[in-house]
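Every heavy atom of this structure was used, including side-chain atoms; hydrogens, water molecules and symmetry mates were not. Note on naming: letters A, B, ... go to the chains in the order of the sequence lines (proteins, then strands), and numbering restarts at 1 for each one. The structure presented is a predicted model; accordingly, all values stated were derived computationally and were not measured.
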Number of protein chains: 2
Amino acid sequence: MRWDALEEEPCSMARTIGVIGDRWTLLILRECFLRTRRFEGFQSALGITRHLLAERLKKLVRQGVLRRIPYQESPKRHEYILTQKGLDLYPIMMAIVHWGDTHMVDERGRPLLHQHRKCGKNFDPVMVCSECGEPLSAKEVHTHPGPGARSTTPATKAPEKPKAKPRRSAA
Amino acid sequence: MRWDALEEEPCSMARTIGVIGDRWTLLILRECFLRTRRFEGFQSALGITRHLLAERLKKLVRQGVLRRIPYQESPKRHEYILTQKGLDLYPIMMAIVHWGDTHMVDERGRPLLHQHRKCGKNFDPVMVCSECGEPLSAKEVHTHPGPGARSTTPATKAPEKPKAKPRRSAA
DNA sequence: TTTGACAGTTCGTTTTTAGAACTGTAAACG
DNA sequence: CGTTTACAGTTCTAAAAACGAACTGTCAAA
């Protein structure tokens with residue numbers, strides 16, 4: 001598997017890693033979620049080299065994760081904002097932060113707290129089953145090939161697909 | 001920010017990225033969750049160079065994500081299995097897969113389906129608030145510094161911390 | 001005796017990244 | 001006016017990381 005061919009792999013994880021799976025991209029996206037929009041903002045917040053930053057931003061725009069929008073003429077300047085595709089990365093971010101909060105904090109405690117506007121409380125993100133609403137763990141999940149699986153025959157009768165998106169607590 | 005200093009950053013995301021944020025680690029972990037345990041298994045499944053694979057496995061063991069367990073003497077052979085810390089990466093994996101399933105599939109559909117043993121259905125992972133059980137999105141979350149935040153004064157009165165772990169549907 | 005499985009290690013080449021300086025436009029400073 | 005500053009990059013060289021292929025060592029099977 002070549003690194004630049006990840007996106008053609010028949011694996012949603014490999015494809016996603018092709019987009020966000022390098023040294024800097026997730027950190028850049030963290031800044032996006034913290035409302036950074038401009039080149040200098042990213043650069044000074046992260047200490048990334050300007051060269052790499054420019055390249056990563058281009059890639060994210062190409063991939064539809066960020067949109068590049070002019071905010072002034074002469075000199076032309078743009079800012080980078082998350083598209084819906086980018087906003088949808090939020091659960092990944094939260095899952096990463098939560099793991100760090102659980103396993104990588106020092107004695108001082110967690111660096112950042114998250115407050116849910118709807119209920120007003122500081123919270124942890126919990127991943128649940130879209131169908132029954134119960135929390136998920138690796139051992140409770142069984143995987144099997146879907147219609148887009150590798151070179152198996154196109155799977156005339158694909159197993160039932162889950163219902164669409166965040167439709168929680170059917171429980 | 002230097003890449004090798006990520007783990008000291010006062011940011012759970014940066015620290016986590018210091019562990020899993022490179023070209024191959026997440027793919028190696030995917031294999032772990034798919035029950036691969038041995039060197040050759042990882043190597044042939046991923047096509048990673050043996051050199052890098054050896055190094056990444058060492059790093060994951062050092063970090064407590066994998067445990068290296070002998071499965072035979074003479075010649076000594078070991079296999080790599082997920083620790084609890086490693087198993088806790090599952091929500092990150094699922095979030096990544098789900099984003100790929102949503103935004104990176106081709107016309108054939110998703111390559112892998114996930115079935116929840118408890119309820120028997122194929123599902124999508126949904127991230128919810130630990131406190132009220134509602135699905136989360138970026139706009140509904142407000143962040144503020146916690147006790148382990150950067151060089152601010154140690155925050156004598158830190159805001160209320162969320163209740164522990166997967167304690168869902170207080171709703 | 002040779003071959004093969006397994007788990008690495010070594011080494012030379014190529015690709016990425018780091019680090020710093022440079023480009024160009026335009027407003028602000030003195 | 002001439003200089004400095006803000007901003008968004010681009011260019012260049014050196015250093016680090018990844019790739020690719022071959023090599024090491026132990027043991028079992030052919």
Side-chain angles (χ1 to χ4, degrees), chain A residues 1-9 14 17-29 31-32 35-63 66-81, chain B residues 1-9 14 17-29 31-32 35-63 66-81:
Chain A
M1 191 189 303
R2 293 180 313 292
W3 173 249
D4 49 326
L6 269 183
E7 283 161 60
E8 278 105 66
E9 283 284 305
I17 289 173
V19 180
I20 62 168
D22 69 85
R23 270 173 159 71
W24 286 108
T25 300
L26 279 168
L27 262 353
I28 291 170
L29 290 167
E31 291 306 309
C32 292
R35 320 254 189 279
T36 300
R37 294 153 132 63
R38 300 185 184 176
F39 194 92
E40 294 291 322
F42 291 110
Q43 205 283 319
S44 62
L46 297 175
I48 182 177
T49 65
R50 310 175 73 76
H51 177 58
L52 263 201
L53 175 58
E55 203 185 76
R56 290 291 184 269
L57 288 172
K58 256 181 219 156
K59 186 179 168 192
L60 286 170
V61 169
R62 241 191 353 261
Q63 241 125 14
L66 297 179
R67 204 191 317 280
R68 188 162 171 268
I69 298 186
Y71 68 90
Q72 68 170 45
E73 295 292 321
S74 78
K76 274 206 166 194
R77 295 262 183 276
H78 304 81
E79 51 189 11
Y80 298 88
I81 65 161
Chain B
M1 192 188 303
R2 294 180 313 291
W3 172 249
D4 49 326
L6 270 184
E7 284 163 58
E8 279 104 66
E9 283 284 306
I17 289 172
V19 179
I20 61 168
D22 68 86
R23 269 173 161 72
W24 288 107
T25 300
L26 279 168
L27 262 354
I28 291 170
L29 289 167
E31 291 307 309
C32 291
R35 320 255 190 278
T36 299
R37 292 150 134 55
R38 302 185 183 174
F39 194 92
E40 294 292 321
F42 292 108
Q43 206 283 320
S44 63
L46 297 175
I48 183 176
T49 65
R50 310 174 74 74
H51 177 59
L52 263 202
L53 175 58
E55 202 185 76
R56 290 291 184 269
L57 288 173
K58 259 180 216 156
K59 185 179 168 191
L60 286 170
V61 168
R62 245 193 348 263
Q63 242 126 12
L66 297 179
R67 204 191 317 280
R68 189 160 171 271
I69 297 186
Y71 69 89
Q72 68 169 44
E73 295 292 320
S74 77
K76 272 206 166 195
R77 294 264 184 273
H78 303 82
E79 52 190 10
Y80 298 88
I81 65 160

Atom pair distance, as rounded to whole Å: CG in B:L57 and C1' in C:dA7: 10 Å
Between C1' of D:dA8 and CG of A:L46, the distance in whole Å: 16 Å
Minimum-distance pair of heavy atoms, taken over all atoms of B:G18 and B:K59: O-NZ, 3.0 Å
Spacing of A:R68 atom CZ relative to D:dC7 atom C1', expressed in whole Å: 13 Å
For atom CG of B:L6 and atom P of C:dT17, their distance in whole Å: 14 Å
Under 3.5 Å side-chain donor-acceptor pair for B:R37 and B:Y80: no
Interatomic distance, A:Y71 OH vs D:dA6 P [rounded to whole Å]: 13 Å
Under-4.0 Å side-chain N/O to phosphate OP1/OP2 contact, A:K58 with D:dT10: yes
Selected nucleotide, minimal atom distance to A:R77 side chain, candidates C:dG24, D:dG9, C:dA7: C:dG24
Reported CD-to-CZ distance for the pair B:E40 and B:R50, which is rounded to 0.5 angstrom: 4.5 Å
Protein-nucleotide distance (B:H78, atom NE2; D:dC27, atom P), rounded to Å: 14 Å
Sugar-phosphate only, base, or nothing, as touched by B:Y80 at under 4.0 Å among non-hydrogen atoms: sugar-phosphate
Interatomic spacing from CZ in B:R68 to CD1 in B:I81 - rounded to 0.5 Å: 13.0 Å
Heavy-atom protein contacts under 4.0 Å, nucleotides 11-24 of chain D, coded B base, S sugar-phosphate only, - none: B-----SSSB-B--
Non-hydrogen side-chain atoms of A:R56 and A:D22 separated by less than 4.5 Å: yes
Separation of C:dA5 P from B:Q72 CD (nearest whole Å): 15 Å
From D:dA8, C:dA26, D:dG9, nucleotide with atom closest to A:A54 side chain: D:dG9
Whole angstrom value for the distance that separates P of C:dT16 from CG of A:L53: 18 Å
Exam field: side chain B:E55 to backbone B:K58, donor-acceptor pair closer than 3.5 Å: no
Close side-chain approach of B:L53 to B:L46, heavy-atom, < 4.5 Å: no
